[in-house]
Structures are given as C-alpha cells and as structure tokens.
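The structure under discussion appears below in the form of structure tokens.
Everything numeric here is computed off the predicted structure, so don't read it as measured data. Hydrogens, waters and symmetry mates play no part in the numbers below; they use all other heavy atoms, side chains included. For reference, positions follow the sequence shown, starting with 1.
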Amino acid sequence: MKNLEHIFEGALWQSRFVVLFAVVASLATAFVMFFVATVDAWFLVGHMVDYMSADLVGDARATFRSATVTHVVEIIDGYLLGTVLLIFALGLYELFISRIEQAETSETASSVLIIHSLDDLKGRLAKVILMILIVKYFEHAVSMNFTSPMDLLLLAGGIALLGLALYLTHDKNGHSSSSAKAEEK
C-alpha cells in the first residue's frame, strides 16, 4: 500500500507540468499581441503623412486627429495586454515548474517579473489589468460627445474613481520609499 501511495504522489506531483501548456500558450499569445500592436503602430505612423495634407481642414482634421488618438490608445492597450500575458506565463512557470534563476540573478530583471507566490502573481496582473481599464476609459472619453454639464460631471467622476483605484492599489512598501524608511527608523 505504501508503494502505491508513493507512485500516486509521484504522478500527482508530476502532473504540475500540465501548466506548461498554459505557459507556452500565454507566451505565444503575448508575442502575437506585441506583434499586432507593433504592426498597428507601424501603419499609424504611415498614415500620419495624411495628417499633413493641406486638404484636411476644419472638422475633417479634428476627426482624423481624434481617430489617431484612439488608435494610439488601442496600441497601448495591445502592448499592455501582451505584458499581462507575459507576466502570467512567467508567474505560472515560477509557481508550478521552477524558479527562473536568470531573472533572480539579473540586474536588469524587474521585480514585476519575479513571482514568489500566487498573491504576487495576482497583484501584478491586477495592476496591469487596471492600467488596461484606464486606457480603455481614456479611449472612450476621447470619443465621447459632451452635450450637457452632466456629461462633464460623469467624466470627472470617472476620473476621480480611477484615481481612487490607483491610490488603493498603490504598494505602500514598494513605492513610497521615503515614508517606509522613516517608519523603519
């Protein structure tokens, strides 16, 4: 019976390697998002020649400018989504397969890319997802038509809520080094 238990526990432990499918798929999807956003940026730069046209005047120029700003926001959104997928892939690998020693010993490795617990992964993903939501809000705010003072108040309220969300997700130990150092003394 003890032998059967040992075999079962070994198989159970090795089953963690199924996470490699999610790691590889997330990494591949991250590369796709980076590629798509880069291609979008390339074509956006190519279309900027049209903005210099003397034929583009008045409302047509304003519409073109608004569309350009929206496309820039979409490109940022694509890069942020690729970043989420990259962090997710690295985090899953670190949590279930093995520590990434090169990341821990590298001077250029960001603390964002080193994951020690599921809470670390969730926190990092939540911050990047919050940034995606902020970018999406900005994208909608740029294309919004303000017809009444209430529209402006709602926009201001949304911005205030975004600021509150950023404040609440601010890592007090990691970012406010002067206050943390003062508390340690």
What's the verdict on side chain to side chain contact (heavy atoms under 4.5 Å, CB included) for Val69 and Phe138, showing C-alpha distance, side-chain angles and the deciding distance? CA-CA 10 Å; Val69 170; Phe138 178 70; 4.2 Å; yes

Same cluster for [X] and [Y] if Ile/Leu/Val/Met/Phe/Trp/Tyr side chains link at under 4.5 Å?
| X | Y | value |
| --- | --- | --- |
| Leu130 | Met33 | yes |
| Phe88 | Val36 | no |
| Leu80 | Leu166 | yes |
| Leu152 | Leu154 | no |
| Ile132 | Val32 | no |

So [Y] and [X], do their side chains get closer than 4.5 Å, heavy atoms only?
| X | Y | result |
| --- | --- | --- |
| Phe146 | Leu155 | yes |
| Met48 | Phe43 | no |
| Leu121 | Ile87 | yes |
| Val39 | Phe35 | yes |

To the nearest 0.5 Å, tell me how far [X] [atom1] sits from [Y] [atom2].
| X | Y | atom1 | atom2 | result |
| --- | --- | --- | --- | --- |
| Glu5 | Asn3 | CD | CG | 10.0 Å |
| Thr38 | Ile75 | OG1 | CD1 | 9.0 Å |
| Tyr137 | Ile159 | OH | CD1 | 5.5 Å |
| Thr83 | Leu125 | OG1 | CG | 11.0 Å |
| Leu4 | Phe8 | CG | CZ | 9.0 Å |
| Met131 | Leu81 | CE | CG | 14.0 Å |

Measure across [X] and [Y] and return the closest heavy-atom pair with its distance rounded to 0.1 Å.
| X | Y | result |
| --- | --- | --- |
| Arg99 | Glu94 | CA-OE1, 4.0 Å |
| Gly82 | Phe34 | C-CZ, 3.7 Å |
| Ser26 | Ala89 | CB-CB, 3.8 Å |

Side chain to side chain contact (heavy atoms under 4.5 Å, CB included) between Asp40 and His71: does it pass, once the steps are laid out? CA-CA 8 Å; Asp40 286 347; His71 289 181; over 6 Å; no

Phe17 atom CZ, over 12 foreign heavy atoms within 6.0 Å: yes

Has Arg16 got more than 12 heavy atoms of other residues, nucleotides or ligands less than 6.0 Å from its CZ? yes

Is it the case that the side chain of Asp151 and the backbone of Thr147 share a donor-acceptor pair, with hydrogens and angles ignored and the cut-off at 3.5 Å? yes

I would like to know whether Leu20 and Tyr93 meet side chain to side chain contact (heavy atoms under 4.5 Å, CB included); could you show each step before the answer? CA-CA 7 Å; Leu20 283 174; Tyr93 186 86; 4.0 Å; yes

Do Phe96 and Val23 pass the side chain to side chain contact (heavy atoms under 4.5 Å, CB included) test, and can you show the C-alpha distance, the side-chain angles, and the key distance before you say yes or no? CA-CA 10 Å; Phe96 289 95; Val23 169; over 6 Å; no

